[in-house]
Amino acid sequence: MKSLSKEFFNRNTVKVAKDLLGKIIEYDNVSGMIVETEAYRGYPDEASHAAKRTPRSAIMFDTHGFFYVYFVYGNYFCLNMTCEDGRPGAVLVRALEPLTGIGAMAKRRGIRAGNKKELTQKQLVSLANGPGKLCQALGITKALNNTAVGDKMKVYGGGMKQFRITCATRVGIKKAVQLKWRFYIKDNLFVSGN
DNA sequence: TCTCAGATCGTCT
DNA sequence: GACGATCTGAGAT
């Protein structure tokens with residue numbers, strides 16, 4: 001399966017975030033479907049790495065169609081894909097639905113099947129239902145940072161399904177949480193078109 | 001040198 | 001559901 005073209009990412013970041021839902025990520029013999037994304041488009045989203053150019057975040061200002069992987073809280077990595085020329089932007093992949101290589105994912109995540117030797121539905125969901133979790137499950141590290149989409153990791157088209165999309169491009173995560181918007185945008189389809 | 005973080009997990013209520 | 005501990009590295013000063 002051919003990976004998404006670089007031009008797919010050279011569009012409005014919010015649109016890319018929306019279109020990434022339902023796409024398949026394949027890396028290191030495991031794969032999963034993207035079920036939650038978050039768009040970051042720089043100022044005025046003050047909580048975004050794209051709000052300010054630093055050596056780390058420069059990739060969001062200079063490229064589209066590249067992976068931006070950063071380390072957070074001393075424990076976890078977060079996977080982003082850079083977007084649109086002309087302004088800083090990236091889409092954070094927040095959750096995956098595991099498809100293949102589930103055993104490998106469970107091993108990496110330290111999740112063990114019970115007596116029935118099969119993961120429960122709850123365990124299956126918890127494999128990659130968070131930005132840090134999915135990186136752990138797929139074995140994503142900074143080695144993927146600054147590589148082109150399709151180079152080491154493939155992202156290709158799956159059927160579009162209706163999934164939750166969160167986007168804090170207007171107010172930033174911190175303010176969104178302060179204003180309790182996070183709740184709202186998690187339970188409803190919320191897309192800022194700015 | 002210091003602060004704090006786009007998360008996760010375990011514990012407590 | 002709320003809250004604290006985790007503990008490395010990027011960015012600020």
Side-chain angles (χ1 to χ4, degrees), chain A residues 9 13-14 16-18 20-21 25 32 34-64 66-84 87-98 105-114 119-146 163-188 190-192 194:
Chain A
F9 296 95
T13 304
V14 175
V16 174
K18 223 173 161 184
L20 277 173
L21 296 173
I25 279 185
I34 299 171
V35 295
E36 190 176 340
T37 59
E38 193 159 330
Y40 292 94
R41 297 187 77 203
Y43 184 84
D45 182 357
E46 293 164 15
S48 165
H49 289 187
K52 203 169 190 180
R53 188 188 177 100
T54 65
R56 181 174 67 165
S57 66
I59 185 173
M60 287 195 283
F61 289 74
D62 299 336
T63 70
H64 61 271
F66 274 68
F67 287 114
Y68 168 46
V69 180
Y70 59 82
F71 191 62
V72 68
Y73 291 111
N75 283 316
Y76 305 99
F77 292 100
C78 290
L79 176 70
N80 297 259
M81 297 176 215
T82 62
C83 301
E84 66 182 300
R87 69 178 290 172
V91 175
L92 170 69
V93 182
R94 296 191 61 88
L96 289 182
E97 185 179 306
M105 288 193 206
K107 198 174 175 184
R108 287 184 184 129
R109 294 270 300 116
I111 293 173
R112 283 187 184 180
L119 295 180
T120 63
Q121 188 62 31
K122 204 175 174 182
Q123 285 178 315
L124 206 57
V125 169
S126 73
L127 284 178
N129 65 341
K133 290 179 182 180
L134 75 91
C135 286
Q136 201 174 28
L138 267 64
I140 292 169
T141 65
K142 277 198 88 171
L144 193 68
N145 188 41
N146 219 346
F163 286 113
R164 186 172 65 204
I165 176 170
T166 63
C167 175
T169 56
R170 274 191 183 276
V171 296
I173 294 292
K174 270 185 182 172
K175 285 181 186 171
V177 171
Q178 280 169 8
L179 296 168
K180 298 190 176 177
W181 279 29
R182 197 78 189 266
F183 234 151
Y184 173 76
I185 60 180
K186 273 205 166 221
D187 292 336
N188 297 278
F190 173 80
V191 179
S192 164
N194 185 24

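Just so you know, these numbers use all the heavy atoms, side chains as well, and skip hydrogens, waters and symmetry mates. Just so we're clear, the structure is a prediction, and the values are computed from it rather than from any experiment.
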By nearest-nucleotide position on DNA chain C, the 5'-leaning member of A:Asn75 and A:Arg56 is A:Asn75

Could you tell me from which nucleotide to which nucleotide of DNA chain C, 5' to 3', there is an atom under 4.0 Å from chain A heavy atoms? C:dT6 to C:dA12

Just distance, no hydrogens or angles: give the donor-acceptor pairs under 3.5 Å from side chains in residues 66-76 of chain A, sequence neighbours left out.
| residue | atom | partner | partner atom | Å |
| --- | --- | --- | --- | --- |
| A:Tyr68 | OH | A:His49 | ND1 | 2.7 |
| A:Asn75 | ND2 | A:Tyr73 | O | 3.4 |

From CE of A:Met60 across to P of B:dG6 the rounded distance in Å is 11 Å

Please state how far atom CZ in A:Phe71 lies from atom C1' in B:dC4, giving the value in whole angstrom units. 14 Å

Rounded interatomic separation in angstrom, taking OH from A:Tyr40 and P from B:dG6: 8 Å

May I have the distance from A:Glu38 (atom CD) to B:dA7 (atom C1'), rounded to whole angstrom? 12 Å

Whole angstrom is fine here: how far is it from CG in A:Leu127 over to P in B:dC9? 11 Å

Heavy-atom nearest pair, A:Thr82 first then A:His64, reads OG1-CA, 3.3 Å

Of the nucleotides B:dT8, B:dG6, B:dC9, which one has an atom closest to the side chain of A:Val72? B:dG6

Residue from A:Met81, A:Glu36, A:Glu38 passing side-chain contact (heavy atoms from CB on, under 4.5 Å) with A:Leu92: A:Glu38

Distance below 4.0 Å between A:Arg109 side-chain N/O and B:dT8 OP1 or OP2: no

Stacking check A:Tyr76 vs B:dA7 (5.5 Å / 30 deg): no

To the nearest angstrom, how far is A:Ile140 atom CD1 from B:dA7 atom P? 15 Å

Heavy-atom donor-acceptor pair, A:Tyr73 side-chain to B:dG6 base, under 3.5 Å: no

Counting any heavy atom closer than 4.0 Å, what does A:Gly74 reach on the DNA or RNA strands: base, sugar-phosphate only, or nothing? base

The side chain to side chain contact (heavy atoms under 4.5 Å, CB included) partners of A:Lys107 (sequence neighbours excluded) come to none

Side chain to side chain contact (heavy atoms under 4.5 Å, CB included) involving A:Arg109 - partner list, sequence neighbours excluded: A:Ile111, A:Leu127, A:Lys133, A:Gln136, A:Ala137

To the nearest 0.5 angstrom, please state how far the CG atom of A:Leu20 sits from the CD1 atom of A:Ile25. 8.0 Å

Could you work out, with side chain to side chain donor-acceptor pair (under 3.5 Å) as the rule, every residue matching A:Thr54, not counting sequence neighbours? A:Ser57

Compare all side-chain heavy atoms of A:Leu79 with those of A:Leu138 and state whether any distance is below 4.5 angstrom. no

Output the rounded distance in Å from NZ (A:Lys122) to C1' (B:dC9). 13 Å

A:Cys78 to A:Pro131 - nearest heavy-atom pair and separation: SG-CB, 3.9 Å

Mind checking which stems touch DNA chain B? I mean at least 3 consecutive Watson-Crick or G-U pairs, both distances under 3.5 Å. B:1-5 with C:8-12, B:7-12 with C:1-6

